[in-house]
Enquirer: 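Below is the structure I would like to discuss, written out as structure tokens.
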Amino acid sequence: MDCQCARKQGHDLNNDAVSADLLRQTDRHPCYSFDAHHKYARMHVPVAPKCNISCNYCNRKFDCVNESRPGVTSEILTPERALQKFNLVREKLSALSVVGIAGPGDALANWAETRRTIELVKQSAPDIIFCLSTNGLLLPEYAGEIAELGVKHVTVTVNSLDPEIGRNIYKYVNYKGKRYQGKEAAARLMANQLAGIELLVRSGMLVKVNIVMIKNINDTHIPDIVKKVKELGAFITNIMPLIPAPGSAFADFPGTDTQELNHMRNICQADLRQMYHCRQCRADAIGLLGDDRSFEFRLPAEDNDISPAEAVKEAV
Ligand code: CLF
Ligand code: SF4
């Protein structure tokens with residue numbers, strides 16, 4: 001495979017808006033840079049249990065320690081506990097370059113905890129790279145604060161541009177005290193995602209767009225999503241397979257076939273850089289992408305400030 005380090009990627013893109021400093025930093029980001037993923041580790045701090053939307057493929061209540069998929073965590077941390085754990089992990093994991101907030105809910109639906117965690121870790125380790133993952137609903141509200149905090153890597157999951165398709169993927173969207181359903185929910189979410197991506201890009205951030213490929217729902221629509229987010233300035237897209245999660249509305253759907261997934265990535269590669277090495281990490285993953293060591297650092301259950309089962313709830 002060709003070198004996929006971020007600087008080469010930036011050069012290929014001819015993206016003048018991305019500074020050389022940011023591209024150097026990105027060479028140490030295991031998700032944004034293929035070459036970094038064997039050398040650099042990320043740590044997810046599960047400080048964000050609530051979510052403000054309901055995706056039909058999600059079940060955050062089901063935790064199996066052997067399962068690796070977004071939304072799974074064995075513990076929820078307060079920002080203070082996240083800092084303690086970060087300091088412990090940093091001592092033992094010299095390759096640690098990124099602290100990410102990837103749920104188990106939505107980073108922005110728990111904005112006070114997300115912001116506090118970044119502030120605390122930044123005071124302790126100014127060189128660490130911060131990374132956020134979000135459904136994008138609250139990006140128009142928080143893009144400015146995210147930029148002020150110095151975050152440069154944000155992932156937004158965009159599964160559709162068409163409310164007719166989106167209505168089959170999202171059960172509801174809670175926004176500003178109101179619950180939206182059906183086409184209205186999908187349209188609200190999509191408008192905020194696209195506006196949010198534009199705001200992040202304009203603030204100089206590298207945006208990765210995750211797309212869950214769901215057979216017979218959004219699969220043929222994916223090239224249009226990639227083209228659109230490219231137009232908005234996204235850096236890379238990560239087309240991910242559907243993992244039919246037990247207890248979710250899509251529990252009985254077929255998981256995405258790897259060949260079909262890679263075929264779609266190859267088609268979309270003509271428009272925008274594709275991620276091929278995603279491991280669909282747990283919300284408390286620690287280590288190299290291919291070597292999750294989170295179990296080594298898990299707090300004893302009785303020391304958990306917050307029980308995951310209780311914490312996973314809706315945000316309105
Ligand atoms: Fe975590 Fe995501 Fe940041 Fe990476 S994971 S918040 S961008 S530091 Fe990476 Fe894991 Fe795939 Fe995510 S391999 S699920 S793409
Ligand atoms: Fe689950 Fe994430 Fe969707 Fe929220 S945005 S329902 S946490 S998959």
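Just follow the structure's listing: the first ligand is 1, and inside any ligand the first atom is 1.
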Enquirer: Against heavy atoms of Arg279, which atoms of ligand 1 measure under 4.0 Å?
Expert: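 Ligand 1 atoms under the 4.0 Å threshold to Arg279: 11 (Fe), 13 (S).
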Enquirer: Among all protein heavy atoms, pick out the one at the shortest distance from atom 11 (Fe) of ligand 1; state its residue, atom name and that distance to 0.1 Å.
Expert: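 The protein heavy atom lying closest is Cys278 SG, 2.3 Å.
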Enquirer: Look up atom CZ in Phe130 and atom CD1 in Ile101, then write down how far apart they are to the nearest 0.5 Å.
Expert: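 Between Phe130 CZ and Ile101 CD1, I get 8.0 Å after rounding to 0.5 Å.
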Enquirer: Please classify the His153 to ligand 1 contact at 4.0 Å (heavy-atom distances, strictly less than): side chain, backbone, both or neither.
Expert: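 Within the 4.0 Å criterion, His153 makes no contact with ligand 1.
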Enquirer: Assess whether a salt bridge exists between Lys176 and Glu141, defined as any Lys/Arg side-chain N lying under 4.0 Å from an Asp/Glu carboxylate O.
Expert: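 Answer for the salt bridge query: yes.
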Enquirer: What are the atoms of ligand 1, with element, lying closer than 4.0 Å to any heavy atom of Leu289?
Expert: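 Numbered from 1, ligand 1 contributes 13 (S).
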Enquirer: For atom 15 (S) of ligand 1, what is the closest protein heavy atom, and at what distance to 0.1 Å?
Expert: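 The protein heavy atom lying closest is Lys208 NZ, 3.2 Å.
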Enquirer: Salt bridge or not for Arg116 and Glu119, using N-O below 4.0 Å?
Expert: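 Looking at Arg116 and Glu119, the cut-off is met.
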Enquirer: Check the pair Met43 / Phe297 against side-chain contact (heavy atoms from CB on, under 4.5 Å), numbers first and verdict last.
Expert: CA-CA 11 Å; Met43 170 184 188; Phe297 299 99; over 6 Å; no
Enquirer: Just heavy atoms, cut-off under 4.0 Å: does Asn238 contact ligand 1 by side chain, backbone, both, or neither?
Expert: side chain
Enquirer: Strictly distance-based, threshold 3.5 Å: is any side-chain N or O of Asn87 a donor or acceptor partner for the main-chain N or O of Gln84?
Expert: no
Enquirer: List the protein residues in contact with ligand 2, where contact means a heavy-atom separation under 4.0 angstrom.
Expert: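 Contacting ligand 2 under 4.0 Å are Cys51, Ile53, Ser54, Cys55, Tyr57, Cys58, Arg60, Pro104, Gly105, Asn135.
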Enquirer: So what's near atom 1 (Fe) of ligand 1, protein N, O or S atoms under 2.8 Å?
Expert: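 Listed by chain and number, the atoms are His44 NE2.
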Enquirer: Are side-chain N/O atoms of Tyr57 and Asn159 paired as donor and acceptor at under 3.5 Å?
Expert: yes
Enquirer: Just by modelled atom types, is the His29 backbone N or O under 3.5 Å from a matching donor or acceptor in the Thr26 side chain?
Expert: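 No; zero donor-acceptor contacts below 3.5 Å.
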Enquirer: Is ligand 1 less than 4.0 angstrom away from at least one heavy atom of Met275?
Expert: yes
Enquirer: Does Arg24 come within less than 4.0 Å of Asp21, counting only side-chain N to carboxylate O?
Expert: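 Here Arg24 pairs with Asp21 in a salt bridge, since their nearest N and O are under 4.0 Å apart.
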Enquirer: Is the backbone N or O of Asp271 less than 3.5 Å from a side-chain atom of Lys230, with the two atoms forming a donor-acceptor pair by type?
Expert: yes
Enquirer: Check whether any side-chain heavy atom of Tyr142 lies under 4.5 Å from a side-chain heavy atom of Thr114, and answer yes or no.
Expert: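 Sidechains of Thr114 and Tyr142: no contact.
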Enquirer: Counting only N and O atoms by type, is there a donor-acceptor contact under 3.5 Å from the side chain of Asp284 to the main-chain atoms of Pro46?
Expert: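 Side chain of Asp284 to backbone of Pro46: no pair is present.
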Enquirer: Quick one: do Lys215 and Glu260 make a salt bridge, cutoff under 4.0 Å?
Expert: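 The answer is yes: the pair qualifies as a salt bridge.
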Enquirer: Between Tyr175 and Leu138, is the side-chain contact (heavy atoms from CB on, under 4.5 Å) condition met? List the steps.
Expert: CA-CA 8 Å; Tyr175 186 58; Leu138 295 179; 3.9 Å; yes
